[in-house]
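Note sheet for the following structure.
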Amino acid sequence: MTNKTSIQGSWASRWIFILAATGSAVGLGNIWKFPYITGENGGGAFVLVYLACILLVGIPIMMAEVFIGRRARKNPINALSDVAEESDSSKKWGLIGVMGMLSGVLIFSFYSVVGGWVLHYIKAMLTGEMNGISSDNAGAAFGALLADPATLLGWHTLFSIMTVMVVAAGINKGIETATRIMMPALFALLIILLGYAMTTDSFAQGWNFMFEFDFGKLTWNATLIALGHSFFTLSLGMGTIMAYGSYMTKDASIGKTVLAIGALDTLVALVAGLAIFPIIFSNGMDPAAGPGLMFISLPVAFGQMPFGQLFGVLFFVLVGVAAWTSAISLLEPTVAFLVERFKLKRVTASIGLGIVVWGLGIACLGSFSFMSDVTLFGKNTFDFLDYITANIMLPLGGILIALFAGWIVKDKFAKDELAVSDTVYKLWNFSMKFTAPIAVAVVLYFLINPMK
């Protein structure tokens, strides 16, 4: 099995894989959620706990996903089935891949809607619609956008087309080419925005908000938040990393590669916070605004400050790039499956899947207007898909992947792929068997039964 090659192609280099996987991991949550939860839960102390969780849970599970994908050189369903069969176990383990790929499809259906919001705000910043806008008017403008299904449909359609075009072009001409352009652009935009933030009077306040060590805020809930985010931030449990791993060259070190991805993902989130919060504090706004921070508070801030229109455009382009790279990775595992299982041309598979997720997205954008009275378990379609994927399907997938890698895959196969020292392998194997599944199970429990 180790000499197989993927019919989809392979990454040109290890660094292209690192950038592609980082692009998958860096999403909307990195831009506003991680910086905020860092500031609210102990600053630098929280970062240390988070990094420990990344090393103990996120990195080991990512290593497992990469080596399973690389060993089989197939989509997540077939990769899990083949590796299970090679280890004299049931091919039904491939069902983990089914759940993961379904998660990606469902997530894309509402993620594309949010991506559409970002495109709308790029246009609004470019045309000066947000110049001098008040907080009340910014809130009203966002509310009006949500209540306008025709406008949402247009942006959702454009975002879907942008994503499908990249996936349809294939690994090298599509995803790899996009990665070579978009990830350096993302880093450049972050540096420009950070440079501006450093010129504001509130940069020190933003720095202290994120990095001041406050062990008094390191509660059990803060630790749980760090644990949960360390799992979700790396795009685990949905087959993306497994699919990307199947295109990874045999000579690339999985351990070093995954560590680089985790480091870049964390660095982007921290720099984003240092770029955003000084702007927020300079304008006397609440850093706890959540999603509203991005679509209400920041437009007001950009609308009031010098060169605000320019930096507003740069910020939303940054967010758009992050959303786009993540969206591409959501579709890739299922497209790979359709190509390999049904022998479809990649363009046909991409367009067919794109139509399906576009249709699901209409139900999600309708949650704010013409389908607002349609609920599932008390939630509208948008919120229900968000809840069931983030709170149930992804954590469950992560637990099962860890158990599969730790208890089902034979040691000789895992050792062959990971190529690490005996000590590192024992630590990784212990994490797969015990630490990671227990930790993610705790996250899963408290997501379903949140603390009062």
Side-chain angles (χ1 to χ4, degrees), residues 1-14 16-25 58-87 89 91 93-101 103-104 167 170-172 175-176 179 234-258 260-262 328-341 394 397-398 400-406 408-410 413-420 428 432 436:
M1 184 179 286
T2 54
N3 294 322
K4 287 186 175 181
T5 56
S6 171
I7 66 170
Q8 313 288 345
S10 62
W11 304 115
S13 69
R14 169 174 168 263
I16 288 296
F17 171 63
I18 289 172
L19 290 177
T22 302
S24 171
I59 296 298
I61 294 179
M62 180 176 265
M63 289 172 67
E65 288 207 30
V66 172
F67 98 68
I68 292 168
R70 187 171 76 172
R71 186 159 190 85
R73 300 292 185 188
K74 293 181 180 179
N75 66 82
I77 297 175
N78 291 349
L80 286 157
S81 296
D82 285 8
V83 173
E85 185 177 39
E86 182 185 43
S87 297
S89 188
K91 296 184 73 171
W93 282 99
L95 292 173
I96 303 173
V98 175
M99 182 173 66
M101 285 163 38
S103 299
V167 177
I171 301 305
N172 302 115
I175 300 175
E176 189 172 297
T179 297
L234 295 177
S235 293
L236 302 176
M238 67 180 77
T240 293
I241 299 302
M242 204 175 294
Y244 278 13
S246 71
Y247 315 136
M248 185 181 182
T249 56
K250 177 64 178 175
D251 59 345
S253 167
I254 290 178
K256 292 178 181 178
T257 299
V258 169
I261 295 166
I328 290 165
S329 71
L330 292 171
L331 296 187
E332 175 57 28
T334 303
V335 168
F337 170 74
L338 293 173
V339 171
E340 294 169 21
R341 174 66 177 81
L394 295 186
L400 293 173
I401 288 169
L403 294 174
F404 175 76
I408 302 301
V409 179
K410 289 184 177 180
F413 301 138
K415 287 180 178 178
D416 177 57
E417 289 296 332
L418 295 176
V420 293
W428 172 84
M432 288 297 92

*Which atoms form the tightest heavy-atom contact between A405 and M432, and what is the distance?*
CB-SD, 4.0 Å
*Whether W93 and F404 hold their rings parallel, tilted or perpendicular, with breakpoints at 30° and 60°*: tilted
*Verify the distance criterion only: is there a donor paired with an acceptor across the side chains of R73 and S246 at less than 3.5 Å?*
no
*Heavy-atom closest pair, residues E417 and K250*: OE2-NZ, 3.4 Å
*Write down the atom of S235, the atom of I241, and the distance for their closest heavy-atom approach.*
O-CG1, 3.8 Å
*asked:* Go through it in stages, so that I can follow the logic: the residues are K256 and R14, the test is side chain to side chain contact (heavy atoms under 4.5 Å, CB included), and I'd like the CA-CA distance, side-chain angles, deciding distance and then a yes or no.
replied: CA-CA 10 Å; K256 292 178 181 178; R14 169 174 168 263; 3.5 Å; yes
*Roughly how far, to the nearest 0.5 Å, is CD1 of I77 from CE of M101?*
3.5 Å
*Atom CD1 in I18, atom OG1 in T179: separation rounded to 0.5 Å?*
12.0 Å
*asked:* Ignoring hydrogens, what is the shortest heavy-atom contact between M238 and L330? Give both atom names and the distance.
replied: SD-CD2, 3.3 Å
_A side-chain contact here means heavy atoms from C-beta on lying under 4.5 Å apart; do L394 and L236 qualify?_
no
_S89 (side chain) donor-acceptor with E85 (main chain) under 3.5 angstrom_ = no
*Quick one: pull up OG in S81 and CG in L95 and give me the separation to the nearest 0.5 Å.*
7.5 Å
*T257 side chain near V66 side chain, heavy-atom distance below 4.5 Å*: no
*Heavy-atom side-chain contact between I328 and I175 under 4.5 Å*: yes
_Within-4.5 Å side-chain heavy-atom neighbours: P76 and F337_ = no
*salt bridge (Lys or Arg N to Asp or Glu O under 4.0 Å) between R71 and E86, worked out*: CA-CA 10 Å; R71 186 159 190 85; E86 182 185 43; 2.8 Å; yes
*On the 0 to 90° scale, with breaks at 30° and 60°, tag the F17-W11 ring pair as parallel, tilted or perpendicular.*
tilted
*Should N75 and M242 count as side-chain neighbours, where that means a heavy-atom distance under 4.5 Å?*
no
*Q8 and E340: side chain donor to acceptor below 3.5 Å*: yes
*Which pair of non-hydrogen atoms, one from I401 and one from E65, has the smallest distance, and what is that distance?*
CD1-OE2, 3.5 Å
*Hey, could you give me the CG/OG distance between L418 and S253, rounded to the nearest 0.5 Å?*
9.0 Å
*Under a 4.5 Å cut-off applied to non-hydrogen side-chain atoms, are K415 and F67 in contact?*
no
*Side-chain heavy-atom pair I254, M248 within 4.5 angstrom cut-off*: yes
_S10 and T249 side chains, donor-acceptor separation under 3.5 Å_ = no
*I59 side chain reached by M63 side chain, heavy atoms, under 4.5 Å*: yes
*For K410, look at atom NZ and say whether over 12 heavy atoms of other residues, nucleotides or ligands are found less than 6.0 Å away.*
yes
*asked:* To the closest 0.5 Å, what do you measure between CD (E176) and CD1 (I171)?
replied: 8.5 Å
*Taking all non-hydrogen atoms of both residues, which atom of D82 and which atom of A72 are closest, and how far apart?*
CB-CB, 4.3 Å
*Go through the steps for V420 and W428 under the test side chain to side chain contact (heavy atoms under 4.5 Å, CB included), then give the verdict.*
CA-CA 10 Å; V420 293; W428 172 84; over 6 Å; no
